[in-house]
Amino acid sequence: MKIKSVRHLNGEVKDLEFPGEPQEIDGSKLLALPALIDPHVHFRVPGGEYKEDWKSGALAAVTSGVTTVCDMPNNTPPCTTLERLEAKKAQINAQLKSVGLPLRYGLYFGADQGHFSEIPKVANSCVALKIFMGCSTGGLVVDTDSALEEAFQIAAESKMLVAVHAEDEALLQKKRAEFRGNRRSVTHSLVRPREAAILATEKAISLARKYGASLYILHISTKEELRLIRQAKADGVRVFGETTPHHLLFSMEDYKTLGTLIQMNPPIREKEDQEALWEALRDGTLDTIGTDHAPHTLEEKKLPYGEAPSGIPGIETLLPLLLDAAAKGRITLERIVELTRKNPEKILSLPSNEDLVLVDLEMRQEVEADRIKSKCGWTPYAGRVLQGWPIYTILEGKVIRASGLTPKKLVGRSLREGYRNEERDSGFAKS
Ligand code: DOR
Ligand code: ZN
């Protein structure tokens with residue numbers, strides 16, 4: 001197969017040739033970018049296969065320009081021993097083989113006080129040690145100072161990157177008690193307040209300093225954490241920061257229309273945090289964008305606040321949301337490539353590859369739940385019209401049609417219209 005006259009970011013125009021069909025395609029409207037790495041997904045194997053598995057997850061990834069994912073350990077059972085890690089890898093490999101998609105992947109190893117002695121055994125086969133400093137989906141948590149000290153020390157000695165979910169568990173517990181029984185989804189941002197994130201980020205940075213560990217702070221959501229990271233970087237601490245598309249694009253006002261659909265941990269914050277996050281992406285304070293793709297079924301997400309699980313899907317909307325932001329002048333294409341490919345490759349020590357995504361920067365299309373290939377089958381971005389879509393993904397020299405080419409199946413049905421969670425949010429909804 002030949003895709004003719006494809007533009008590259010350095011201005012070169014080239015024909016791309018791939019083994020297989022003798023077909024020729026005009027690529028003159030396409031721009032080739034390095035395929036993306038999503039450094040933060042929850043593909044739910046083992047234990048949550050009804051929400052996602054590596055067959056649906058891989059399809060969602062490769063049809064969206066993502067050819068590498070790094071998967072989190074909060075499975076059932078959690079990935080906290082060498083034996084479970086090996087079993088998980090075997091399951092993943094079998095699932096990828098069954099769909100013929102050689103998605104590239106790395107795995108995080110879960111820190112669990114009962115299994116700290118397992119950490120050195122997996123140091124070379126995982127991308128990082130994941131520490132949940134506050135409880136989220138699944139029971140994993142390391143919440144005492146002495147256990148945190150130990151985990152950072154072992155990781156530093158094993159030369160393993162430490163990745164943290166930075167929310168302070170003691171403060172979360174206090175707030176949970178304070179707001180118990182409240183059914184308004186907006187409460188979520190108060191139950192898990194910004195102070196919890198700031199406190200934990202501060203603590204993680206000081207532990208990284210003390211033990212000489214490399215630190216990767218996941219899903220940063222507040223402007224104060226950005227200040228802490230800026231300072232730590234200036235002091236020479238090896239600290240890296242990730243934010244998510246949802247923390248960049250949603251604010252607390254969106255609970256009114258989306259309710260528990262946008263309930264996630266850490267929660268969405270204020271408009272001024274959004275602006276600070278965009279600025280930090282541009283100025284280098286933040287290093288990566290991870291989707292925290294955390295699928296739950298729509299039935300689960302429609303439960304009232306207090307029963308609905310936290311987490312939203314995101315891998316399929318990552319690239320169009322970023323290209324749309326580039327079209328609006330919020331970020332450059334060069335910076336997108338650094339954030340979604342060059343930096344995660346370096347920080348997570350992933351092997352380099354030649355994968356590409358060919359995008360059409362002019363294409364405008366509505367985000368539709370019916371196009372979603374994740375098993376969860378919904379997206380909180382439904383109804384948004386975005387400019388800039390992936391058309392082909394090149395994975396290991398194989399050309400895969402991206403979602404941008406999937407024919408529109410249903411017109412005018414957006415999740416926003418079909419879902420009325422806010423009715424349950426008594427006292428918050430306007431109508
Ligand atoms: O919102 C979230 N969902 N945050 C997490 O930390 C975990 C994730 C999940 O696994 O559902
Ligand atoms: Zn996560």
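Only heavy atoms go into these numbers, but all of them, side chains included; no hydrogens, no water, no symmetry mates. Ligands are counted one by one from 1 in listed order, and the atoms in each one are counted from 1 as well.
With 2.8 Å as the limit, His42 counts as an N, O or S neighbour of the Zn ion (ligand 2). Among the backbone and side-chain atoms of His219, no N/O/S atom is found under 2.8 Å from the Zn ion (ligand 2).
When atom types are taken as modelled, the side chain of Asp360 and the backbone of Met363 share a donor-acceptor pair closer than 3.5 angstrom. A side-chain donor-acceptor contact under 3.5 Å links Thr260 to the backbone of Lys301.
Taking the Zn ion (ligand 2) as reference, the nearest N/O/S atom within His40 carries the name NE2. Here the N, O or S atom of Asp292 that is nearest to the Zn ion (ligand 2) is OD1.
Glu149 and Tyr211 form a side-chain donor-acceptor contact under 3.5 Å, judged by distance and modelled atom types alone. Counting only N and O atoms by type, the side chains of Arg44 and His296 include a donor and acceptor under 3.5 Å apart. A donor-acceptor pair shorter than 3.5 Å cannot be found between the side chains of His219 and Asn265.
The residues lining ligand 1, counting any heavy atom closer than 4.0 Å, are His42, Arg44, Asn74, Phe132, Ser136, Thr137, His165, Met264, Asn265, Asp292, Ala294, His296, Ser310, Gly311.
Annotation: Asp235, atom CG; neighbour count of heavy atoms from other residues, nucleotides and ligands within 6.0 Å is above 12. By the neighbour-count criterion of 12 heavy atoms within 6.0 Å, atom CD of Glu307 is densely surrounded, having more than that number from other residues, nucleotides or ligands.
The closest side-chain heavy-atom distance from His188 to Tyr305 is below 4.5 Å.
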